[in-house]
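These notes concern the structure reproduced below.
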Amino acid sequence: MIASLAPSFAAAFPEYKSGQIITALKKLGFEYIAETAEAAKRVAAMFNYHAHNMNKSLITSCCPTVVNLIEKHYPELIPQLAPVLSPMMLQVRELKRKYKKARVIFIGPCLSKIEEMNRVEDRLLRPDIVINFKQLRVLFEENGIFPEDFEESEPDLVAGPQIADYPLSGGAVKAAGLSADGIDNKITSVYISGIDNIVEVLEDIKKEKLNTDIVELLACDGGCISGPAIENDLSIPVKEILVNNYLQKSQSYDPEKSKTAVREKIDLNRIHKDKKKIREEPPEQAIREILVSIGKYSKEDEKNCGGCGYSTCREKAAAVYYGFAEKKMCIPYMKSRAESLSQIIVESSHNAIIVVNEKMEIQEFNPVANKLFNKNNRKIKNLKLGKIIDSSIFKKAWLNQQIISHHKYSYFDGSTVVDQTIFPLPEHKVVIGILTDITEQEKQREEVQEMKKLAVEKTNIVINKQMQIVQEIAGLLGETTVETKAALSELSDLLQVGE
């Protein structure tokens with residue numbers, strides 16, 4: 001098991017000493033560790049050779065993303081793309097020739113290296129496996145390997161200080177002795193990183209606007225030290241220092257051995273292929289219809305923002321035509337749709353909707369709110385809410401960051417009564433109020449309460465009168481009963497006397 005280790009690992013594992021990572025790889029099962037940058041010296045020498053023997057700008061071929069970009073989208077520039085193996089390919093070949101039964105694993109920061117491995121037909125140029133630094137971390141964790149527990153060690157094949165800048169933007173040019181501070185000042189050079197910058201440079205090269213001998217292109221900003229599998233927040237300068245310091249202090253580097261390696265007759269040639277897909281241009285009418293359907297009615301509407309992944313709106317429309325993209329992939333279109341829909345909802349709501357910022361300045365005041373509260377038809381936008389209505393409840397919601405639900409409140413001395421729900425949105429720094437006008441309901445409720453009060457009073461009056469009548473009747477009945485009783489008693493007495 002041989003590891004071909006990209007030198008940018010020093011930037012990917014800043015929490016460990018670089019030598020601890022080498023030891024951890026040995027613990028993981030690698031018997032031999034080679035720095036990929038060691039092969040980069042011979043690649044750089046070939047760049048120097050081709051730069052002196054080409055009458056146009058030579059484009060470096062180390063970055064697989066750049067190679068893919070040129071082969072698929074700028075095939076006319078293939079003659080200017082250096083016909084040289086990448087350092088990974090070259091080192092794999094050298095290691096497999098020397099160790100015929102070995103399995104070679106490339107470890108680096110790049111995802112495109114997987115594609116580069118899969119495209120190579122020659123087994124001697126192809127690593128058996130490509131893994132990235134993120135996956136290496138997982139392997140360490142799964143196998144209980146903690147680099148901080150180990151002493152430092154050095155790789156078995158060391159690159160040395162002369163290649164210390166290779167994984168950095170401009171590193172290949174410098175290693176080839178073609179930079180401004182390099183050996184050969186007769187050769188002019190530029191180095192560019194970042195895919196957007198690269199596309200612009202390729203356009204200039206295609207139009208023969210760029211006049212220089214060698215152009216180094218690396219897809220990641222700052223070079224390989226910013227590869228997608230390097231997951232930390234370090235700045236590019238800090239990562240540059242980490243990698244440079246590591247390669248500069250290589251203790252076991254043998255310059256004589258390096259010179260011997262350079263003089264070896266090794267085939268570094270590489271053939272690049274035209275992979276551009278040729279399709280007929282979509283009909284102009286179809287393009288126009290697609291553009292109109294996503295709100296692009298004129299040239300001014302075509303923002304060419306790149307948010308969809310295409311350089312221009314027309315490219316996006318062509319992709320929709322071919323079925324490679326969907327209309328809704330247009331960010332400005334979807335944003336305007338969402339804003340339009342939300343605006344329709346706000347404007348057509350039966351409730352008053354008020355939005356203020358943290359300074360209590362009005363940001364949104366829908367028609368219902370305007371009708372309820374803006375009695376003088378004042379200009380509302382950015383006006384302090386307190387100048388229209390009492391804003392204390394909004395301030396309370398913002399200061400306490402709390403939702404106030406179904407709070408009944410009277411405005412304008414009770415002439416307007418609302419049921420209001422107020423809630424803050426701290427991420428947007430606004431407070432939203434949804435106020436339902438319940439003035440009529442409150443009037444009806446008060447009227448009903450008044451009617452109930454009157455009904456109770458009338459009922460009490462009736463009850464009192466009824467009780468009075470009952471008492472009067474009872475009084476009369478009582479007198480009659482007494483008289484009757486007395487008369488009957490007298491009659492009984494008379495009857496008894498008569499006997």
Side-chain angles (χ1 to χ4, degrees), residues 6 8 36-37 39-90 109-110 112-113 115-116 162-227 236 240 268-276 311:
S8 50
T36 317
K41 289 180 288 190
R42 294 178 288 290
V43 171
M46 289 300 294
F47 289 158
N48 190 314
Y49 169 80
H50 286 290
H52 281 85
N53 292 276
M54 184 177 284
N55 57 8
K56 290 187 176 182
S57 298
L58 176 74
I59 304 170
T60 59
S61 56
C62 291
C63 177
T65 300
V66 171
V67 172
N68 280 337
L69 179 64
I70 293 173
E71 288 183 331
K72 293 178 181 179
H73 298 285
Y74 294 92
E76 62 271 32
L77 298 181
I78 287 177
Q80 292 174 250
L81 184 59
V84 182
L85 294 174
S86 71
M88 181 187 79
M89 292 176 172
L90 176 59
C110 182
S112 290
K113 283 295 183 184
E115 195 275 343
E116 185 178 68
Q162 74 180 80
I163 204 76
D165 293 329
Y166 196 83
L168 316 179
S169 181
V173 168
K174 187 175 180 181
L178 302 175
S179 63
D181 56 348
I183 301 168
D184 194 338
N185 292 323
K186 295 178 182 178
I187 297 292
T188 58
S189 61
V190 295
Y191 49 90
I192 308 294
S193 66
I195 199 70
D196 292 335
N197 298 327
I198 287 171
V199 169
E200 290 179 1
V201 169
L202 292 176
E203 288 291 339
D204 286 341
I205 295 174
K206 187 170 72 171
K207 298 170 185 175
E208 298 185 352
K209 291 182 178 180
L210 184 63
N211 185 22
T212 189
D213 295 307
I214 184 167
V215 181
E216 180 196 307
L217 303 178
L218 294 175
C220 297
D221 290 325
C224 301
I225 55 172
S226 296
I236 289 175
E240 285 180 348
L268 276 76
N269 289 326
R270 177 184 184 183
I271 298 173
H272 301 292
K273 298 178 181 179
D274 183 345
K275 296 181 179 178
K276 187 170 186 176
S311 300

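Judged purely by atom type and a 3.5 angstrom limit, Ser193 has no side-chain atom pairing as donor or acceptor with the backbone of Asp221. Checking side-chain atoms of Gln80 against main-chain N and O of Leu58 turns up no donor-acceptor pair under 3.5 Å.
Listed by chain and number, the residues in a side chain to side chain contact (heavy atoms under 4.5 Å, CB included) with Asp274 are Pro75, Ile78, Lys276 (sequence neighbours excluded). For Thr36, the side-chain hydrogen bond (donor to acceptor under 3.5 Å, both in side chains) partners two or more places apart in sequence, or in a different chain, are Ser4. Partners of Pro79 according to the side chain to side chain contact (heavy atoms under 4.5 Å, CB included) rule, which considers only residues two or more places apart in sequence or in another chain, do not exist here. With sequence neighbours excluded, no residue forms a side-chain hydrogen bond (donor to acceptor under 3.5 Å, both in side chains) with Ser61. The side chain to side chain contact (heavy atoms under 4.5 Å, CB included) check on Ser86 picks up Met88, Met89, Lys113, Glu116, Arg270, with sequence neighbours excluded. In this view, Glu240 satisfies the salt bridge (Lys or Arg N to Asp or Glu O under 4.0 Å) rule with no residue, not counting sequence neighbours.
Residues Val43 and Leu90 meet the side-chain proximity criterion, which asks for heavy atoms closer than 4.5 Å.
Closest heavy-atom contact between Pro83 and His272: CA-NE2, 4.0 Å. Shown here for Glu216 and Thr60, the closest heavy-atom pair between the two residues is CA-OG1, 3.3 Å.
One distance of note links CG of Leu81 with NE2 of His50; it measures 10.5 Å at 0.5 Å rounding. Taking CE of Met54 as the start and CG of Asp213 as the end, the distance is 10.5 Å to the nearest 0.5 Å. Here the CG atom belonging to Asn48 is positioned 8.0 Å from the CD1 atom belonging to Ile214, to the nearest 0.5 angstrom. Here the straight-line distance linking atom CD1 of Ile192 with atom CD1 of Ile198 works out to 8.0 Å at 0.5 Å rounding.
The environment of NZ in Lys273 is sparse: at most 12 heavy-atom neighbours from other residues, nucleotides or ligands sit within 6.0 Å.
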Can you give the donor-acceptor pairs under 3.5 Å from side chains of residues 62-69 to other protein atoms, not counting sequence neighbours?
| residue | atom | partner | partner atom | Å |
| --- | --- | --- | --- | --- |
| Thr65 | OG1 | Ser112 | OG | 2.6 |
| Asn68 | ND2 | Pro64 | O | 3.4 |
| Asn68 | ND2 | Glu115 | OE1 | 3.1 |

Which side-chain N or O atoms in residues 199-212 pair as donor and acceptor under 3.5 Å with protein atoms at least two apart or in another chain?
| residue | atom | partner | partner atom | Å |
| --- | --- | --- | --- | --- |
| Glu203 | OE2 | Tyr74 | OH | 2.8 |
| Thr212 | OG1 | Thr188 | O | 3.2 |
| Thr212 | OG1 | Thr188 | OG1 | 3.2 |
| Thr212 | OG1 | Ser189 | N | 3.3 |

*Please step through side chain to side chain contact (heavy atoms under 4.5 Å, CB included) for the pair Val215 and Tyr191, ending with a clear verdict.*
CA-CA 6 Å; Val215 181; Tyr191 49 90; over 6 Å; no
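Here salt bridge (charged side-chain N to carboxylate O under 4.0 Å, His left out) pairs that include residues 79-89, with residues two or more places apart or in two chains, number zero.
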